Engineer: 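Structure provided below as structure tokens; questions to follow.
Protein chains get the first letters and strands the later ones, always in sequence-line order, with residue 1 at the start of each. All figures in this text were calculated on a predicted structure; none of them were measured in a lab.
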There are 4 protein chains.
Amino acid sequence: MAGVNKVIILGNLGNDPEIRTMQNGEAVANISVATSESWIDKNTNERREVTEWHRIVFYRRQAEIVGEYLRKGSKVYVEGRLRTRKWQDQNGQDRYTTEIQGDVLQMLDSRSERSMGDYQPSNNYSRANTSNQAPTQTTKTQHDSTDFVGDDIPF
Amino acid sequence: MAGVNKVIILGNLGNDPEIRTMQNGEAVANISVATSESWIDKNTNERREVTEWHRIVFYRRQAEIVGEYLRKGSKVYVEGRLRTRKWQDQNGQDRYTTEIQGDVLQMLDSRSERSMGDYQPSNNYSRANTSNQAPTQTTKTQHDSTDFVGDDIPF
Amino acid sequence: MAGVNKVIILGNLGNDPEIRTMQNGEAVANISVATSESWIDKNTNERREVTEWHRIVFYRRQAEIVGEYLRKGSKVYVEGRLRTRKWQDQNGQDRYTTEIQGDVLQMLDSRSERSMGDYQPSNNYSRANTSNQAPTQTTKTQHDSTDFVGDDIPF
Amino acid sequence: MAGVNKVIILGNLGNDPEIRTMQNGEAVANISVATSESWIDKNTNERREVTEWHRIVFYRRQAEIVGEYLRKGSKVYVEGRLRTRKWQDQNGQDRYTTEIQGDVLQMLDSRSERSMGDYQPSNNYSRANTSNQAPTQTTKTQHDSTDFVGDDIPF
DNA sequence: TTTT
DNA sequence: TTTT
């Protein structure tokens, strides 16, 4: 047992979240978040920018919050860990997808911005939060080496 | 321009570094670093562990240092950023590989450990460092938005 | 030479920035940023919250940007390093103050929010940026161990 | 509720840990960890180095692990959060001390290094771990906003 | 493929 | 696909 595997992403969602329900009834949310770097190209003296897209997955209560409060364009801060999944394409070839398993989610849009848009809660994942007020941070219970228990996360 | 794209990895190399030289003569180093998580499976009450492998790339002087001082088994701390490259397989299909572009490298093996092993500097990338003493941290000059200049990094 | 000393703060300014000019004409900006944690007190079943205040200092161009674009209430993401300064109080006793030396600054208010308020640029630190458009990220050139040069930072 | 307050320290202990027991019988450990930066002074062309000392506190089981396995000189990776405590000196004047409350601890010395030294477990804080084998990472259970409960941490 |  |  060793190591640190930590990712910090701050950026905007490129699309509405995709929400699924696992066999056991728990929610899974996938979001795609953009970060970008820009610099001046010394040859052309022009500003250049490159955008990186990050696929992030949240589980359970955090997935519910994602589904409730995030939309295309939302700005978020995410802490998580890298996870590479192996799968097979239609030809039976091994393929790999790297994504970020989210551990901490912080919404960064002001309340006014959230309510300005065409905000329409479109799912029923809200369980504990019956008010119309978004939590702005959720921290997943992390696993202590002594009390973490295997769950249904498929990795 | 927006966002934060940061990765922190602390783990051990699974293999010796792979060192290449770019067309312009600059060095590129690839390393594969393992991190692992472990927990107690509450169903079986057994300890379980999952290992994650991270592909990390360093350029220029940092690549040289990687080639000089790191070996299979070396423990390192790395700060970097995620970068997904698109490429085509032999069938012309789009494929994606996510790797970490290293910005900060800190070697964590004690000097005694470095010298205990079958340490054999096997390349000639050392330029500025003629002593036999490994630097233990290297921080790449980061690009200020005003002075970063396009270079030959292929992304 | 060894180690990692990194701080990540995301929060809101409690006051307008304090801007000073050093003897050599370079700008210094101090900001005070709040972060808070909240939880349910299991004894009283009430929500409790504790706020932590972080004193952060920026130099030179970043200090200018702070002075231009940040105000009381602004939300910021900051990466920096801890620095404890020793000083003497009026009784000649040693006193210590820990602050964060900012390396990366990311403004998180939307443009509309920035322009909505009683925004009044009140200083003349802007040098390179003559447009009215705020940069949203600034990354200070970091020092490579080989090319960092002593400057006038008093620590 | 808002914000991120995160510190990452990688360095060596300047002294053996100080271990105390709280009124409720739980352990508290204080360690002092050094990080250093070095650079070339462009005026004198000499190498300069500045060392920063970080006071870090761990509670409960992590405090026990600190007491068992860390010693002066040990190399550690710590993730935690900043916390400034107010207290009064003998003259009744307000004083402030900033320390890092540790959340994650990773020991970075190899087993051989740990056993090579004059290692003498000198306390009885070990509860769950009866083997002589050090865990190398411990992650404190973090508080979900819904399930964190007030404890006796004095802040 | 590492390490514990 | 976002944002600036």
Engineer: Would A:Trp53 pass as stacked on F:dT1, i.e. its ring centre under 5.5 Å from the base's six-membered ring centre and planes under 30° apart?
Structural biologist: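 Whether judged by distance or by angle, A:Trp53 passes, so it stacks on the base of F:dT1.
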
Engineer: Of the options E:dT1, E:dT3, F:dT3, whose atoms approach the side-chain atoms of B:Ser32 most closely?
Structural biologist: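 Nucleotide nearest to B:Ser32's side chain: E:dT1.
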
Engineer: Which nucleotide in the list F:dT2, F:dT1, E:dT2 gets nearest to the side chain of B:Asn12?
Structural biologist: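 Minimum distance to the B:Asn12 side chain belongs to E:dT2.
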
Engineer: Counting side-chain heavy atoms from CB outward, which of E:dT3, E:dT1, F:dT1 is closest to B:Lys72?
Structural biologist: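 In terms of side-chain proximity for B:Lys72, the closest of E:dT3, E:dT1, F:dT1 is E:dT1.
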
Engineer: For A:Glu46 and A:Asp41, indicate whether the former's side chain and the latter's backbone hold a donor-acceptor pair under 3.5 Å.
Structural biologist: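 No, the answer is negative, given that no donor and acceptor are paired below the 3.5 Å cut-off.
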
Engineer: Take the protein atom CG of C:Leu108 and the nucleotide atom P of F:dT2, then report the distance between them rounded to whole Å.
Structural biologist: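 Computing the C:Leu108:CG to F:dT2:P distance gives 20 Å.
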
Engineer: Nearest whole Å is fine: how far is E:dT2 P from B:Ile56 CD1?
Structural biologist: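 Distance, rounded to whole Å: 16 Å.
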
Engineer: How close or far is atom C1' of F:dT3 from atom CG of A:Asn15, stated in whole angstroms?
Structural biologist: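 After rounding, the reported distance stands at 13 Å.
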
Engineer: Is A:Gln62 reaching over with its side chain to a backbone N or O of A:Asp103, donor-acceptor style, under 3.5 angstrom?
Structural biologist: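 Judged by distance alone, yes, a pair lies under 3.5 Å.
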
Engineer: Take the protein atom CG of B:Asp16 and the nucleotide atom C1' of E:dT2, then report the distance between them rounded to whole Å.
Structural biologist: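 These atoms are roughly 12 Å apart.
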
Engineer: Quickly work out the B:Met107 CE to E:dT3 P distance and round it to whole Å.
Structural biologist: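 Value for this atom pair: 18 Å.
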
Engineer: Would you say A:Trp87 and A:Thr97 are linked by a side-chain donor-acceptor pair, where the criterion is simply a distance under 3.5 Å?
Structural biologist: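 There is such a pair (donor and acceptor under 3.5 Å, judged by atom type) between the side chains of A:Thr97 and A:Trp87.
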
Engineer: Report which part of the nucleic acid A:Gly73 touches: base, sugar-phosphate, or nothing (heavy-atom distance under 4.0 Å, all strands).
Structural biologist: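 Sugar-phosphate contact only - A:Gly73 comes under 4.0 Å of backbone atoms but never of a base.
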
Engineer: Taking B:Ala34's backbone N and O only, do any of them form a donor-acceptor pair with B:Asn12's side chain (distance below 3.5 Å, no angle check)?
Structural biologist: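 No; judged by distance alone, with no hydrogens or angles, the pair does not exist.
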
Engineer: What residues form a side-chain contact (heavy atoms from CB on, under 4.5 Å) with A:Ser74, not counting sequence neighbours?
Structural biologist: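 Counting only residues at least two positions away or on another chain, A:Ser74 forms a side-chain contact (heavy atoms from CB on, under 4.5 Å) with A:Leu13, A:Leu70, A:Arg71, A:Asp109.
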
Engineer: What integer distance in Å separates A:His54:NE2 from F:dT3:C1'?
Structural biologist: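 The answer, rounded to whole Å, is 13 Å.
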
Engineer: Between atom CD1 in B:Ile31 and atom C1' in E:dT1, what is the gap in whole Å?
Structural biologist: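 These atoms are roughly 13 Å apart.
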
Engineer: Separation of A:Glu49 atom CD from F:dT1 atom P, in whole Å?
Structural biologist: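 Taking CD of A:Glu49 and P of F:dT1, I get 15 Å after rounding.
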
Engineer: Is A:Thr51 side chain donor-acceptor paired with the F:dT2 base, going by distance under 3.5 Å alone?
Structural biologist: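 Between F:dT2 and A:Thr51, which were checked side chain against base, a qualifying N/O pair under 3.5 Å is present.
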
